[in-house]
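On a predicted model such as this, the values are computed, not experimentally measured, just so you know. Atoms within a ligand are numbered from 1 in the order they appear, just like the ligands themselves. All heavy atoms count here, side chains included; hydrogens, waters and symmetry mates do not.
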Amino acid sequence: MKIVLIGADGQLGSDLLKTLGEDDVLPLYYPKFDITEPEKCRSVVLGLAPEVVINTAAYHRVDECEDHPKESFQVNAIAVRDLALVCREIDASLVHFSTDYVFDGAKRSPYLEDDPPNPLSVYAVSKLAGEFFVRQVLKKYFLVRTCGLYGVAGSKEKGTNFVERIVELNRAGTILRIVNDQWVTPTSTQELAQRISELIRSRHYGLYHLTNEGECTWYSFARQVFSLLGEEARLVSVDSLTYGAKARRPLYSVLENKRAKEIGLKGFSPWNEALKDYLLVKGHIR
Ligand SMILES: NC(=O)c1ccc[n+]([C@@H]2O[C@H](COP(=O)([O-])OP(=O)(O)OC[C@H]3O[C@@H](n4cnc5c(N)ncnc54)[C@H](OP(=O)(O)O)[C@@H]3O)[C@@H](O)[C@H]2O)c1
């Protein structure tokens, strides 16, 4: 399959590049390829003539997005629409990623694909706008909402991932204040990349929730990291209000992989098993 991969050196992008090794993958890198430059973007994608375009690019420093709504919409919505229009022109399907943050958390049980979104932050509103553009422009799309990604490459936008950040800070002797009232499912980009590889071959287009199984707070996730590492850590459980992040986050954003299960996609492992695999691959444990 001829696949254009946007953001190929990102956290998810680099695992997709590895996983799709049997395919004819054409990786594109920022800033040489910038999705916010519609003319250049169109001519590059038309020239490559892929069957599938995978877009991992996003402006997703969530707190920073609060002060930069224009930039958030430019990358997460307008550029996504432009990309969708190019895909329609060449009859390619588009794989695009969205977020658990499109929900407000009020439901308190795992969100299904058809639950109504109610985003709480600029980032989440811009990602939801991107979703709507994909659905408005295209029929052949895979829109994938996922949650709390961590992968060997680390998030390029954020400089690292949650696991590496807390390990590094702990080893530097820092007391770690971690929120204990936001329920999520941390998700391994390695596993997500494998499921994406399956999904694009299924041709069951539409909106999907794809995360590891189970749920935890960021605090309990951190505890599990140090327990698996066998390291002492000074963790302080705080609530979101006390933590005081600029952007509001849902207090519950666990996603149910309902449609993936319906189409028979291979199941995800529980988040704690995926974490252990990650620590092994990263060489943190043996
Ligand atoms: N990380 C999470 O916890 C999380 C949770 C839910 C959903 N998501 C979604 O999952 C997707 C992948 O996330 P990730 O963690 O893999 O992100 P990432 O590591 O930051 O990777 C994003 C990639 O896109 C590139 N990029 C940024 N702006 C671009 C632009 N204007 N044009 C072209 N490329 C651009 C980045 O390059 P540079 O770094 O060089 O700018 C990077 O290679 C995103 O859509 C994100 O919103 C992420």
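Among I35, D15, D9, the residue whose heavy atom sits closest to atom 32 (N) of ligand 1 is I35. Taking all heavy atoms of A79, G151, A57, C147 into account, the minimum distance to atom 26 (N) of ligand 1 is reached by A57. Selection from A124, A8, G7, A58 by nearest heavy atom to atom 27 (C) of ligand 1 gives A58. When the heavy atoms of P27, G10, G13, P31 are ranked by distance to atom 21 (O) of ligand 1, first place goes to G10.
Here is the list of ligand 1 atoms found below 4.0 Å of a heavy atom in G148: 3 (O), 5 (C). Taking every heavy atom of L12 and a limit of under 4.0 angstrom, the matching atoms of ligand 1 come to 16 (O). Every atom of ligand 1 is numbered from 1 in the order shown, and the set under 4.0 Å from a heavy atom of F97 is 10 (O), 11 (C), 45 (O).
Under the 4.0 Å criterion applied to side-chain N and carboxylate O atoms, R171 and E232 are not assigned as salt-bridge partners. Classification of D100 and R145 as a salt-bridged pair fails, no side-chain N sitting under 4.0 Å from a carboxylate O.
Cluster note: F103 groups with V102, Y111, L128, F132, W183, Y252, V254, L255 through ILVMFWY side-chain heavy atoms spaced under 4.5 Å, whether in direct contact or through intervening members.
Using a 4.0 Å cut-off between heavy atoms, F162 makes no contact with ligand 1 at all. Under 4.0 angstrom from ligand 1, the non-hydrogen atoms of H60 all belong to its side chain.
Side chain of N161 to backbone of E164: a donor-acceptor contact under 3.5 angstrom is found. With E191 contributing its side chain and S269 its backbone, the two residues share a donor-acceptor pair below 3.5 Å.
Distances between N or O atoms of I6 and those of ligand 1 include no value under 3.5 Å. In terms of polar-atom proximity, defined here as any N/O pair under 3.5 Å, T146 makes no such contact with ligand 1. Taking only nitrogen or oxygen atoms, main chain and side chain alike, D100 does not reach within less than 3.5 Å of ligand 1. When only interatomic distances are considered, the shortest N/O to N/O separation between Y123 and ligand 1 falls below 3.5 Å.
Below 30°, between 30° and 60°, or above 60°: for Y150 and Y278 the angle between ring planes is above 60°, a perpendicular geometry.
Between the side chains of S197 and R201, at least one donor N or O sits under 3.5 Å from an acceptor N or O. At a cut-off of 3.5 Å, with distance as the only test, a side-chain donor of S240 or D181 sits close to an acceptor on the other residue. Between the side chains of N55 and H96, at least one donor N or O lies within less than 3.5 Å of an accepting N or O.
Annotation: cation-pi pair R135/Y141 absent, no NZ/CZ under 6.0 Å from the ring centroid and within 45° of its normal.
For K127, the closest heavy-atom approach to ligand 1 falls below 4.0 Å. Close to ligand 1: S98, with a non-hydrogen atom less than 4.0 angstrom away.
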